[in-house]
Amino acid sequence: MRSKTIKEGLERVPHRTLLYATGIPSSEMDKPFIGVVTSFTDIIPGHIGMRDLERFIEKGVHTAGGYPFIFGVPGICDGIAMGHSGMHYSLPSRELIADMVESITEAHQFDGLVLLTNCDKITPGMLMAAGRLNIPAVVVTAGPMHSGRLRGKRLSLVNDTFEAIGKYKKGLIKDSELQALEMCACPGAGSCQGMYTANTMACVTEALGMSIPYCATALATDAEKRRIAFESGRRVVELIKKNVTPRKIMTLKAFENAIRVDMALGGSTNTVLHIPAIAHDAGIELPLELFDELSRTTPHIADMLPGGRHYLEDLHHAGGIPAVLKRLEDLLHDTVTVSGLKIKKIARMAEISDAEVIRPLSRAHHKEGGIAILRGNIAPEGAVVKQSAVSRKMMRFEGTAVVFDSEEDGMKAILSGKVSPGDIVVIRYEGPKGGPGMREMLSPTATIAGLGLSESVALITDGRFSGGTRGPCIGHISPEAMEGGPIALIRTGDRIRIDIPKRKMDVLIPDEELEERRSKWRRPDPKVKKGYLSRYARLVSSAASGAVMK
């Protein structure tokens, strides 16, 4: 056991003294020391229920013969951080979380970890740490929120509050309805109710093999989640006994399985940032092309919010991720998981209780998966679109560029009516370096949808999108504007052509004109010149490689 480093031998008398000061009985000193990493906080709905789950993880660890030590890491709520300077910190917090878990685990020589997480950057940050440390670990995602209710209608955060801004601006809803939506859309604990980034990453984590079955979709407030937390605490001790480490689970084949599940669910485009970053820390390089290759051969079988109509609670009651695995079984590798069961055994044991929520491959919503990778003279290193959330009419679109150098300027123009049908909104200098921090553009995209323009206006950016974004919204454009990428050279009035089926996106000007503009381009001063964001901007890599710190 690694923990022998801090508790055995004459020279460890001071260490044992400090451990006894915590209250640990001497009879427990020879047991595996388990770090229970919690991202509990009072300000994130997805995390407010974690105190309860911490107790059940502890019970599971004790039951299996381990001794748990709880320590905390911070979290950011992307919804609360959205649309202002706080969003600069969201993606960079992923690296901080991974570094904190690494630092505390190595300093105290834990034998294993249970990683209690839920929301957008926290789950990938913890998985990155698991791959980096490579000691036995189990992830517990704290579960999705129940749908809201108002006058008999089910509600979700993104579709019923962010998009309400545009509807209110257009006069489609009144003050009283707006206030009712604020109070009812999010009824309590849990991650936001659709296949947004938090829930997408929970599903990816389970498909990757790092959570036990049904963890991703079991609702935050249900007793089932407590039982999953208990079993996860128990399992980590078993993994230590058998020396099953994350890199034995998070193999290339496991990542391919996870990407296929992501494609079948129509998950968040943010997985194209997070999965390569997790793989990087697990010692595996995942090229951007792999997402497109797997998407082309994975049918989209679950019509989930925001682009579809089903909630996470529907997915869970239909059979959860095991049922999705059952549908995809012939496309999957038979990899190992933290549960001790292999993926195909989990698939064979699953029951599909609603064939409309989790459709058979023969009746898929789309022949291809949820995400497509586009290239062209705007994005020579790639760009990302959630094609499952784009209407058939907008899969091919040509429009006039309306260019903004920040999200705030773009949002002002949209709200003031300066964006019209036939426009393509270009928001740049919002990439990993330029933002800095690659902010999500949910406010402008949701407002466009709320104004009824998602069938006539596209948005492209070197920033990124929330998992709640729907419509023809293309992000992660690489190279980003701050690195002199072609998106920096586009001018208002240029014509842009988007062709998602052909995976193409181009500004329709001659190469000579682009080169002339490039010769005149000068890198602007950084938006942030001090603190963590300044350091992050200097060290972060391209979105095309997962925006990892180099």
### Message
The test is side chain to side chain contact (heavy atoms under 4.5 Å, CB included); show your working for Arg464 and Glu430 and say whether it passes.
### Response
CA-CA 8 Å; Arg464 60 194 176 90; Glu430 290 288 3; over 6 Å; no

### Task
Kindly determine whether Thr141 and Thr117 satisfy side chain to side chain donor-acceptor pair (under 3.5 Å), including the steps that lead there.
CA-CA 5 Å; Thr141 48; Thr117 174; over 6 Å; no

### Query
Taking it one step at a time, do Leu116 and Ile57 satisfy side chain to side chain contact (heavy atoms under 4.5 Å, CB included)?
CA-CA 9 Å; Leu116 179 57; Ile57 292 169; 4.2 Å; yes

### Steps toward side chain to side chain contact (heavy atoms under 4.5 Å, CB included) verdict (Lys418, Val402)
CA-CA 9 Å; Lys418 294 180 181 177; Val402 187; over 6 Å; no

### Message
Before you tell me yes or no, could you show the steps for Met441 and Ile427 under side chain to side chain contact (heavy atoms under 4.5 Å, CB included), namely the whole-Å CA-CA distance, both residues' side-chain angles and the distance that decides it to 0.1 Å?
### Response
CA-CA 9 Å; Met441 301 290 145; Ile427 299 180; 4.1 Å; yes

### Query
When you look at His280 and Glu285, which way does the side chain to side chain donor-acceptor pair (under 3.5 Å) test go after all the steps?
CA-CA 6 Å; His280 175 78; Glu285 296 301 317; 3.1 Å; yes

### Query
Yes or no on side chain to side chain donor-acceptor pair (under 3.5 Å) for Asp262 and Thr271, after CA distance, side-chain angles and deciding distance?
CA-CA 8 Å; Asp262 183 15; Thr271 60; 2.5 Å; yes

#### Entry: Derivation and outcome, side chain to side chain donor-acceptor pair (under 3.5 Å), residues Glu440 and Asn270
CA-CA 9 Å; Glu440 290 184 347; Asn270 281 316; 3.0 Å; yes

### Task
Give the C-alpha distance, both sets of side-chain angles, the deciding distance and a yes or no for salt bridge (charged side-chain N to carboxylate O under 4.0 Å, His left out) between Arg470 and Glu163.
CA-CA 10 Å; Arg470 62 187 176 98; Glu163 292 185 11; 2.7 Å; yes

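Here the side chain of His84 pairs a donor or acceptor atom with the backbone of Ile80 at under 3.5 angstrom. Side chain of Ser541 to main chain of Val548: a donor-acceptor pair is present (N/O by atom type, distance under 3.5 Å, no hydrogens or angles). Looking at Asn118, its side chain does come within 3.5 Å of a backbone N or O of Ala142 through a donor-acceptor pair. With hydrogens and angles disregarded, a donor-acceptor distance shorter than 3.5 Å links the side chain of Asn159 to the backbone of Pro306. Judged by distance alone, with hydrogens and angles left aside, the side-chain atoms of Asn134 form no donor-acceptor pair with the main-chain N or O of Gly131 at under 3.5 Å. Although no hydrogens or angles enter the test, the distance criterion places a donor-acceptor pair under 3.5 Å between the side chain of Asn199 and the main chain of Gly194. Between the side chain of Thr38 and the backbone N or O of Gly72, no donor-acceptor pair lies under 3.5 Å. Checked by atom type and distance alone, the side chain of Thr105 never pairs as donor or acceptor with a backbone atom of Glu102 at under 3.5 Å.
Looking at heavy atoms from C-beta onward, Thr161 lies out of side-chain contact with Glu182 at the 4.5 angstrom threshold. Using a 4.5 Å heavy-atom threshold, the side chains of Ile496 and Phe397 count as separate. Looking at heavy atoms from C-beta onward, Ser443 lies out of side-chain contact with Met87 at the 4.5 angstrom threshold. Annotation: side chain of Leu459 is in contact with side chain of Thr461 (closest heavy-atom distance under 4.5 Å). Taking 4.5 Å as the limit, some side-chain heavy atom of Leu265 sits within range of a side-chain heavy atom of Ile321. Side-chain contact check for Lys121 versus Ile76: every heavy-atom pair is 4.5 Å or farther apart. When side chains are defined from C-beta on, Val425 does not count as touching Ile460, because their heavy atoms never get closer than 4.5 Å. Looking only at side-chain heavy atoms (C-beta outward), Phe291 and Met263 come within less than 4.5 Å of each other.
The aromatic rings of His300 and His366 lie parallel to each other, their planes meeting at an angle below 30°, with 60° marking the opposite boundary. Between Phe110 and Phe71, the two ring planes are parallel [angle under 30°; tilted spans 30° to 60°].
One finds a salt bridge joining Arg375 and Glu289 here, because a Lys/Arg side-chain nitrogen approaches an Asp/Glu carboxylate oxygen to under 4.0 Å. Lys504 and Asp506 are joined by a salt bridge, as a carboxylate oxygen and a charged side-chain nitrogen come within less than 4.0 angstrom of each other. No salt bridge links Asp78 with Arg439; every basic N to acidic carboxylate O contact stays at or beyond 4.0 Å. A salt bridge links Arg51 with Glu54; the closest basic N to acidic carboxylate O contact falls under 4.0 Å. Note on Arg132 versus Glu106: no salt bridge recorded, every NZ/NE/NH1/NH2 to OD/OE distance being 4.0 Å or above.
Heavy atoms from other residues, nucleotides or ligands lying under 6.0 Å from OH of Tyr89 number 12 at most. Shown here is His333, whose NE2 atom has more than 12 heavy atoms of other residues, nucleotides or ligands within 6.0 Å. In Lys248, the NZ atom is crowded: over 12 heavy atoms of neighbouring residues, nucleotides or ligands sit closer than 6.0 Å. The number of heavy-atom neighbours closer than 6.0 Å to CZ of Arg497, taken from other residues, nucleotides and ligands shown, is 12 or below.
Shortest non-hydrogen contact noted between Trp521 and Ala488 is NE1-CB, 3.6 Å.
Contacts of Arg428 classified as salt bridge (charged side-chain N to carboxylate O under 4.0 Å, His left out), with partners at least two apart in sequence or in another chain: Asp405.
To the nearest 0.5 angstrom, His365 atom NE2 is 4.5 Å from Asp303 atom CG. The distance from the CE atom of Met195 to the OG1 atom of Thr197 is 11.0 Å, given to the nearest 0.5 Å.
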Show the atom names and distances, to 0.1 Å, of all donor-acceptor pairs under 3.5 Å that link a side chain in residues 378-389 to residues at least two apart or in another chain.
residue	atom	partner	partner atom	Å
Lys386	NZ	Gly467	O	3.0
Gln387	NE2	Glu368	OE1	3.3
Gln387	NE2	Gly369	O	2.9

